[in-house]
Amino acid sequence: MREILRTNDIVLLSAIVALLDSADIGHLVLDQHMSVMEGSIGLLPRRLLVEDEREGAARALLDGAGFGAALVAP
């Protein structure tokens with residue numbers, strides 16, 4: 001799996017997850033339950049990983065939807 005996004009913006013994350021779900025691109029959100037450790041202040045970013053073989057398709061989909069600037073470099 002490859003990381004394509006790291007963000008504290010849960011709205012952005014949920015929009016991107018919805019797009020990946022609709023395109024049937026396997027993904028995993030890491031660190032979403034870290035608020036227990038940090039005190040719910042949103043300090044730690046959540047990381048979004050996609051399947052290695054679908055990384056190109058995921059990046060193309062998200063870039064086409066206007067989220068390209070939010071993605072981490074490959």
Side-chain angles (χ1 to χ4, degrees):
M1 301 209 67
R2 302 261 179 149
E3 180 181 350
I4 63 167
L5 178 72
R6 185 177 293 204
T7 185
N8 292 343
D9 186 342
I10 59 172
V11 175
L12 171 66
L13 181 61
S14 65
I16 289 176
V17 165
L19 282 171
L20 294 174
D21 282 340
S22 70
D24 200 29
I25 296 175
H27 59 277
L28 179 64
V29 178
L30 300 178
D31 306 323
Q32 59 186 342
H33 300 294
M34 289 302 293
S35 62
V36 172
M37 300 291 290
E38 65 176 275
S40 300
I41 59 174
L43 180 66
L44 299 173
R46 278 102 174 133
R47 296 176 290 153
L48 177 67
L49 284 66
V50 297
E51 298 171 332
D52 289 339
E53 61 274 3
R54 301 294 309 268
E55 180 184 7
R59 287 183 179 278
L61 172 70
L62 298 174
D63 190 45
F67 295 116
L71 302 178
V72 297

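Please read these numbers as outputs of a predicted model, since none were measured by experiment.
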Residues which pass side-chain contact (heavy atoms from CB on, under 4.5 Å) with Arg6, listed by chain and number, not counting sequence neighbours =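 If we apply the side-chain contact (heavy atoms from CB on, under 4.5 Å) test to Arg6, skipping adjacent residues, the hits are Glu3, Pro45, Arg47, Val72.
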Any heavy-atom pair between the side chains of [Y] and [X] that's under 4.5 Å?
X	Y	answer
Leu20	Leu48	yes
Asp21	His27	yes
Phe67	Leu5	no

request  = For Ile10, look at atom CD1 and say whether over 12 heavy atoms of other residues, nucleotides or ligands are found less than 6.0 Å away.
outcome  = no
Indicate the atoms forming the closest heavy-atom contact of [X] with [Y], along with that distance.
X	Y	answer
Ala23	Leu61	CB-CD2, 3.7 Å
Leu28	Leu30	CD2-CD2, 3.6 Å
Glu55	Pro74	OE2-CB, 4.2 Å
Gly26	Met1	O-CE, 4.3 Å
Leu19	Ala65	CD1-CB, 3.6 Å

query = Under 3.5 Å, side chain of Arg54 to main-chain N/O of Asp24, donor-acceptor pair present?
reply = yes
request  = Mind checking the CG-CZ spacing from Leu49 to Arg2? Nearest 0.5 Å is all I need.
outcome  =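 Taking CG in Leu49 and CZ in Arg2, the distance rounds to 10.5 Å.
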message = To the nearest 0.5 Å, what is the distance between CD1 on Ile4 and CD1 on Ile25?
response = 8.0 Å
ask   = So, are Asp31 and Arg46 salt-bridged, with charged N and O less than 4.0 Å apart?
value =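 Result for this pair is no, no salt bridge flagged.
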